Number of protein chains: 2
Amino acid sequence: MQLGLSVSDSDVSSFTPLVVLELADDTKAEAITWLLNRIRDKQQNGGAELLVNQLLFPAQDDQKPNPNVFVVGSTLQRLLNGAEDVGLFKEFQDGTMRGFTYANRESFNDFNEGFLSDAECQYIIKHELDTLRAKNEEHVPGYPKLKLYPGKSVVRRLQSKGVLNQYFPLHNKEDLKRLSFSWYKKFKLSFQPLDDIRHYFGEGLALYFGFLEYFTFALVPMALIGIPYYLFDWEDYDKYVLFAVFNLVWSTVFLEVWKRCSATLAYGWGTLSRKKAFEEPRAGFHGALGFNPVTGREEPVYPSSKRQLRIYLVSVPFVLLCLYLSFYVMMVYFDMEFWAINIYNEDPSIATSILLFVPSIIYAVVIEIMNLLYRFAAEFLTDWENHRLESSFQNHLVLKVLVFNFVNCFASLFYIAFVMQDMVLLRQSLATLLITSQILNQVMEAFLPYWLQRRRNKKVHKRMRRLMGDKELPLLGQVKLETEMNTYLGTFDDYLEQFLLFGYVSLFSCVYPLAAVLVVLNNITEVYSDAFKMCHVFKRPFSEPATNIGVWQLAFETMSIIAVVTNCALIGLSPQVKAYFPESDTQLILIVVAIEHVLLAFKFILAFVIPDVPKHIQVNLAKLEFDSLEAFKKRVSTHLEGVSGGLNATLSKHYSTKRIILQ
Amino acid sequence: MQLGLSVSDSDVSSFTPLVVLELADDTKAEAITWLLNRIRDKQQNGGAELLVNQLLFPAQDDQKPNPNVFVVGSTLQRLLNGAEDVGLFKEFQDGTMRGFTYANRESFNDFNEGFLSDAECQYIIKHELDTLRAKNEEHVPGYPKLKLYPGKSVVRRLQSKGVLNQYFPLHNKEDLKRLSFSWYKKFKLSFQPLDDIRHYFGEGLALYFGFLEYFTFALVPMALIGIPYYLFDWEDYDKYVLFAVFNLVWSTVFLEVWKRCSATLAYGWGTLSRKKAFEEPRAGFHGALGFNPVTGREEPVYPSSKRQLRIYLVSVPFVLLCLYLSFYVMMVYFDMEFWAINIYNEDPSIATSILLFVPSIIYAVVIEIMNLLYRFAAEFLTDWENHRLESSFQNHLVLKVLVFNFVNCFASLFYIAFVMQDMVLLRQSLATLLITSQILNQVMEAFLPYWLQRRRNKKVHKRMRRLMGDKELPLLGQVKLETEMNTYLGTFDDYLEQFLLFGYVSLFSCVYPLAAVLVVLNNITEVYSDAFKMCHVFKRPFSEPATNIGVWQLAFETMSIIAVVTNCALIGLSPQVKAYFPESDTQLILIVVAIEHVLLAFKFILAFVIPDVPKHIQVNLAKLEFDSLEAFKKRVSTHLEGVSGGLNATLSKHYSTKRIILQ
């Protein structure tokens with residue numbers, strides 16, 4: 001049977017399932033009936049007008065399956081209307097990107113073939129589910145305590161109260177096979193298929209992989225310069241200064257050019273000019289019922305003074321305590337380091353020279369563990385701060401995590417470089433930290449989850465095969481498998497890792513030029529392991545429209561400013577530069593400070609002068625705006641012709657008070 | 001006769017004249033007829049649909065009057081439609097500011113009484129005249145060389161070719177009397193009537209006066225602290241350091257708070273959420289005919305590579321040459337200074353102690369003259385660079401002028417402070433520069449033009465009286481007078497003056513705490529002289545909608561960053577601070593640099609944390625956006641109901657490839 005031949009056939013039993021909805025297995029029947037009705041109901045009646053069906057898993061010997069698993073799909077008509085609803089941008093026939101409207105659908109390129117990608121369809125369905133709002137219901141049927149009020153998102157309410165376990169988009173096996181082949185299964189050097197990634201996973205993730213690739217390529221020149229330093233053991237600080245200067249220029253240009261790249265990508269994907277949708281409160285946000293000052297609707301409000309109190313009286317002290325702890329651990333590390341050096345000095349042998357690396361390795365492992373623990377604590381705290389919007393939640397989380405991770409990872413290096421001024425130890429410590437954290441990350445991030453996943457998969461496969469024989473796993477099996485996969489928690493940790501790597505490279509790589517080489521190697525494997533984990537380890541995530549890498553751009557820029565200061569200071573400390581000013585340190589410091597100021601000023605001017613959006617895209621955007629202005633004017637003038645010439649007599653008085661007869 | 005009782009009576013001979021249009025006195029009759037017809041023509045036919053009439057001045061004994069002076073007015077209906085056209089924001093009945101639409105006119109507050117101010121009417125008329133576009137005319141009738149092409153603004157073309165001498169809005173004598181009384185004629189201390197200023201002169205000018213007032217008030221605490229320093233001759237550097245720290249915090253907070261103030265003002269005036277109109281090319285822009293990539297229309301284009309060449313090969317070297325000249329003059333000044341000091345040292349008497357100030361006074365006068373000359377050269381050069389948009393022209397002009405003025409005014413002070421390290425000379429030089437430039441400015445800016453104006457006015461008055469007897473000067477006399485007034489060239493020079501004053505205060509006032517007092521005194525008289533010059537010396541300017549002080553905000557912020565560096569350095573140079581580090585300068589410098597970095601970081605964080613727009617205005621803006629989103633959704637869903645349920649069969653194929661029969 002063909003999919004959705006008319007709008008009204010929402011009770012068809014066959015459609016392409018796109019999204020899985022899993023309710024708690026003890027959900028009351030009346031709540032389920034009500035929810036399904038609301039999902040199926042026509043838009044005019046405030047429903048989502050989607051197709052939804054129950055999946056009944058055959059009972060198994062060892063455990064009762066959850067009966068409340070549903071798949072959601074949609075008619076094409078509904079998807080197209082939804083695309084207009086969410087403000088999707090598509091390529092227009094003149095090659096520009098325009099907001100899709102149903103009325104002009106035929107004027108868009110490729111309208112007749114694969115117009116909406118799977119990810120887009122799923123995004124639209126998610127949006128429609130999320131904006132399914134309570135009407136007159138006072139509470140969820142069967143749950144008198146689960147209060148509702150008009151305008152509240154039903155799905156978010158159910159989710160925050162634990163009635164809705166999860167909802168996630170289904171993988172498309174065929175597309176996934178094709179994507180994973182072009183992405184990481186062929187072993188020749190090539191760019192990543194960013195457009196395909198975007199098609200399958202959405203813009204947010206594609207931008208991450210774009211950034212990863214860009215960052216890696218940008219590091220290649222630095223790595224190439226770094227190799228001879230290592231091979232020939234260039235210890236003369238002439239080249240060391242050169243490398244620092246290169247570092248400076250590189251880190252500024254790198255970030256500015258990325259902005260342009262990301263604008264180009266986002267324009268091509270139609271997210272650049274897309275207007276931001278009105279942001280809904282987070283699912284976990286709670287508070288006393290009040291009135292939203294913007295919409296005028298009744299909804300929970302939480303006084304921002306209370307939130308400020310929580311932030312300043314609990315979160316900030318907690319972060320400071322953690323920083324103190326981190327410093328304490330650092331001091332313990334230095335004690336261990338001195339102890340190892342003493343042993344080596346007393347008895348220099350191979351065994352003791354290996355021992356020299358042990359403290360750094362232990363410290364690196366401890367750092368990673370602390371980062372991990374802190375990450376959970378930060379998430380818990382930020383959640384407890386009860387931010388109304390997801391964006392504000394994210395900003396506070398990122399800030400907390402960045403400050404701690406920065407101190408935790410780099411404090412010891414700063415201490416060695418500027419207090420101890422021991423460049424040999426700095427190099428050794430940097431190398432150990434970098435390598436250890438890379439190995440740990442790759443294991444924790446991809447291989448461990450994969451291994452756990454495989455064990456689970458095998459069990460599920462075996463069970464399914466026992467029930468169904470040897471035929472291809474149909475929908476039931478796929479849903480079963482994917483329901484039990486881990487949820488991908490967003491690009492946060494991936495960006496964080498890149499941020500720290502960027503720090504290692506830009507802050508200190510002039511001391512240890514091999515750092516760039518290590519980061520390049522790491523990122524090449526990172527692409528593969530990240531690609532693999534997205535395709536096979538985690539549930540498919542909902543696509544997230546993104547224009548840029550958001551707060552991370554700011555984080556990287558801040559790091560590059562710190563890098564200018566650090567590199568200047570390292571140059572000032574180098575014996576070779578010091579040799580130019582044998583009689584007085586004062587002059588040297590003044591010159592270094594002056595150069596640093598000039599470089600910082602230059603950096604800001606450069607950031608100001610390089611346009612964030614390439615010229616040709618600016619022209620296209622201006623064109624779009626011009627067209628919409630013209631359309632608006634046409635509307636006004638049509639409207640004008642319809643207006644009768646009658647004038648409000650009392651009104652005209654004001655303008656004729658100054659009646660003057662000419663001549 | 002009542003004004004504009006129907007839309008069609010554009011040939012009435014009585015209406016409120018709002019704008020004067022002066023054509024060259026040798027303009028060909030056919031061109032005049034054509035232009036008047038185009039202005040009077042209906043909008044449907046591409047006309048401006050305005051009322052226009054000729055003013056015939058009686059012939060005078062000594063000279064023939066220009067016969068081609070016209071007054072332009074409008075019906076109320078046309079003005080209201082124009083208000084929607086230009087996107088005017090007005091107070092809605094719920095107290096928020098909303099874009100005016102003719103259809104909802106009755107829902108706006110005060111619609112029945114004084115809805116559009118004079119300045120707004122004149123702005124609308126200017127907009128309608130500026131957007132009067134050529135249709136199929138190939139050239140201006142009677143001028144075969146004055147080519148036109150479809151879409152080109154007629155008025156700008158006539159203006160750039162010298163056929164249209166000028167067009168300007170008329171003063172409203174009654175309103176002007178009321179405004180000038182409440183503004184500067186009563187001598188009690190009170191806030192300026194910013195709303196009235198905005199009503200009469202528009203938002204751009206009102207924001208300037210708002211800034212002037214804000215800046216002056218912000219300086220009062222600094223002035224209050226500065227007075228005891230001067231009175232008690234506090235030379236201990238303890239307090240001097242305190243003052244510098246105060247300076248630092250003040251200059252940051254000052255600018256951040258101003259952003260919020262200006263947002264509040266702009267919101268109240270309805271310019272904050274107003275969309276920027278599509279910018280027309282400048283009147284003077286020229287180039288070969290080509291296609292505009294945005295609008296697709298034929299219009300002159302000028303390759304940006306050519307402009308870049310002009311900028312980098314001519315303008316930049318010219319600016320550098322001027323800077324060199326400025327340094328040369330500075331060196332001459334120092335020679336003079338040493339010569340004066342030598343004379344004083346040889347024979348210390350009252351006469352020679354006065355002589356000590358002579359070099360600084362001469363230098364201050366020379367600086368002012370150089371600034372003035374450079375200002376003209378910069379304007380000429382920027383014009384020659386042939387920028388397409390007024391905004392880009394302004395940015396290049398501001399950049400050129402700021403760089404030169406900064407160096408010209410402050411180079412000698414920096415030299416004295418950091419190279420000569422002579423704080424006594426610095427104080428003396430600062431005081432002389434500041435006082436001399438203030439006196440010169442006030443004279444040049446207000447009193448000289450006023451004196452010239454009065455001489456001219458008297459002549460005109462006498463002539464008019466001879467012709468008309470002793471009756472009140474009617475329209476003819478008013479137009480005659482105002483046509484001959486000087487044109488106000490915009491707020492550029494006024495902001496520039498405040499920028500330099502801000503520099504004197506924030507950079508060096510810790511050395512000469514009386515600077516703030518002087519600037520406060522200067523600004524109090526500045527308010528009066530600026531108010532006076534706006535009301536009586538210059539032609540009334542067209543109102544200019546403005547959201548903020550534009551590029552000046554950036555200029556002031558840059559200055560405040562330089563101020564942090566300068567103040568830190570001054571603190572580091574102070575003998576008292578030096579006394580803390582008797583054995584080594586190195587440590588002192590390192591600490592000063594560290595403090596400076598912390599302060600700069602703190603400044604950026606502060607600028608980031610303080611929201612630019614106050615909370616309650618953010619809520620109002622969000623409300624507005626929400627309402628327009630809701631209205632849009634309503635439109636979409638109405639549209640949806642009209643869509644038939646039929647589906648494109650070929651389309652549905654793509655979505656049903658994965659047909660799966662459930663269960």
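So that the names make sense, note that chain A is the first sequence line, chain B the second, and so on, each numbered from 1. Note that this is a predicted model, so its numbers are computed, not measured.
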*Minimum heavy-atom distance B:V294-A:K623, with the two atoms named*: O-CG, 3.1 Å
*So which part of B:Q618 gets closer than 4.5 Å to some heavy atom of chain A, the side chain, the backbone, both or neither?*
neither
*asked:* Can you confirm whether more than 12 heavy atoms, excluding those of A:K578, are under 6.0 Å from its NZ atom?
replied: yes
_Between B:L588, B:I561, B:T558, B:I589, the one whose heavy-atom pairs under 4.5 Å with chain A are most numerous_ = B:I589
*Where does B:H616 contact chain A at under 4.5 Å (heavy atoms): side chain, backbone, both or neither?*
neither
*Using the ring of each side chain (for Trp, its six-membered ring), is A:F604 parallel, tilted or perpendicular to B:F604, with breaks at 30° and 60°?*
parallel
*Which atoms of B:V593 approach chain A - backbone, side chain, both or neither, heavy atom under 4.5 Å*: side chain
*Start with the C-alpha distance between B:F608 and A:L554, add both sets of side-chain angles, then the distance that settles side-chain contact (heavy atoms from CB on, under 4.5 Å), and finish with yes or no.*
CA-CA 11 Å; B:F608 195 77; A:L554 191 69; 3.4 Å; yes
*Could you state the interatomic distance from NE2 (B:H597) to CD1 (A:I562), rounded to the nearest 0.5 Å?*
11.0 Å
